[in-house]
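Everything below concerns the one structure shown next.
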Amino acid sequence: MIIKMLAVGVGGFIGSILRFLISQIPMYKSFGSYPMNTFLTNIAGALIIGFVITYARQTDMSPEKLLLLKVGLCGGLTTFSTFSVESLGLIENGNYLMAAAYIIFSVAICIVGVAVGMKAAALV
């Protein structure tokens, strides 16, 4: 269990540092207020987790390495990658209504959660 926790921790450390570094890249003014750095980070995370899952299925990847890359790296980089994998899984399994509900509610409720958190922090 300790090795698995260390794998997640190391991956999360790397993913978090990568996310920070990406956020420091100056973007062109033509994007306006569009959060391009986060958008690109989320796309990268989705691409990475998709690659990792498929590669792990095709090879004899150790559970610890999978945890480091999937849970740690992608989780530290962005949780959007996990959200994307789960949404695609629902769609692939024919759970279209569940997938739609999951996507809509996840995005909407997280936006509301950010707003509520901001309001709560303003009260402190």
Side-chain angles (χ1 to χ4, degrees):
M1 182 60 113
I2 296 294
I3 298 298
K4 290 179 179 179
M5 289 188 303
L6 287 173
V8 171
V10 168
F13 174 79
I14 294 167
S16 296
I17 296 297
L18 287 173
R19 183 180 184 100
F20 170 74
L21 292 174
I22 292 169
S23 76
Q24 300 304 299
I25 298 171
M27 288 291 161
Y28 296 103
K29 295 286 184 191
S30 62
F31 294 117
S33 62
Y34 189 81
M36 186 57 73
N37 296 75
T38 299
F39 182 69
L40 294 174
T41 300
N42 287 337
I43 291 171
L47 290 169
I48 292 168
I49 201 168
F51 179 89
V52 166
I53 289 169
T54 300
Y55 185 79
R57 288 178 185 160
Q58 295 173 346
T59 65
D60 192 26
M61 184 182 289
S62 72
E64 293 79 17
K65 187 174 182 180
L66 183 59
L67 282 171
L68 184 140
L69 296 171
K70 183 180 163 188
V71 177
L73 178 71
C74 291
L77 182 62
T78 173
T79 59
F80 194 79
S81 55
T82 301
F83 167 78
S84 300
V85 167
E86 292 169 346
S87 297
L88 181 60
L90 290 169
I91 292 166
E92 287 177 338
N93 290 324
N95 296 322
Y96 304 112
L97 185 60
M98 179 67 73
Y102 181 60
I103 293 165
I104 292 166
F105 287 125
S106 292
V107 172
I109 292 170
C110 286
I111 291 170
V112 170
V114 170
V116 169
M118 292 172 75
K119 295 288 185 185
L123 297 173
V124 176

- In short, Gly45 meets Cys74 closest at the heavy-atom pair O-SG, 4.0 Å
- Look at the side-chain heavy atoms of Ile, Leu, Val, Met, Phe, Trp and Tyr, link any pair under 4.5 Å apart, and say whether Phe83 and Met98 land in one connected group. yes
- Message: Rounded to the nearest 0.5 Å, what separates atom CD1 in Ile109 from atom CD1 in Ile104?
- Response: 11.0 Å
- Rounded to the nearest 0.5 Å, what separation is found between the CG atom of Asn93 and the CG atom of Leu88? 9.0 Å
- Query: Closest approach of Ser84 and Ala46, non-hydrogen atoms and distance?
  - Reply: OG-CB, 4.2 Å
- Task: Verify the cluster assignment for Val8 and Ile53: are they in a single hydrophobic cluster under the rule of side-chain heavy atoms below 4.5 Å apart?
- Result: no
- Message: With rounding to the nearest 0.5 angstrom, report the OG1 to CD1 distance, Thr78 to Ile43.
- Response: 10.5 Å
- Message: Test of understanding: clusters of I, L, V, M, F, W, Y form through side-chain heavy atoms closer than 4.5 Å, transitively. Do Ile91 and Leu47 belong to the same one?
- Response: no
- Could you go through the side chain to side chain contact (heavy atoms under 4.5 Å, CB included) check for Val85 and Lys70 one step at a time? CA-CA 11 Å; Val85 167; Lys70 183 180 163 188; 5.9 Å; no
- Is there a donor-acceptor pair under 3.5 Å between the side chain of Asn37 and the backbone N or O of Ile25? yes
- Task: Measure across Glu64 and Ala7 and return the closest heavy-atom pair with its distance rounded to 0.1 Å.
- Result: O-CB, 3.4 Å
- Task: State, with a plain yes or no, whether a side-chain heavy atom of Leu90 is found less than 4.5 Å away from one of Ile103.
- Result: no
- Name the orientation class of the two ring planes belonging to Phe51 and Tyr55 (parallel below 30°, tilted from 30 to 60°, perpendicular beyond 60°). parallel
- Task: Please examine the side chains of Thr38 and Arg19, heavy atoms only from C-beta on, and report whether any two atoms are closer than 4.5 Å.
- Result: yes
- Message: I'd like to check Leu66 versus Lys4 (side-chain heavy atoms, cut-off strictly below 4.5 Å). Are they in contact?
- Response: no
- Are Ile17 and Val52 co-members of a hydrophobic cluster defined by side-chain heavy atoms under 4.5 Å apart? yes
- Heavy-atom side-chain contact between Ile22 and Leu77 under 4.5 Å: yes
- Task: Kindly work out whether a path of hydrophobic side-chain contacts (I/L/V/M/F/W/Y, heavy atoms less than 4.5 Å apart) joins Phe105 to Val114.
- Result: no
- Message: How long is the straight-line distance from OG of Ser106 back to CZ of Phe80, given to the nearest 0.5 Å?
- Response: 9.5 Å
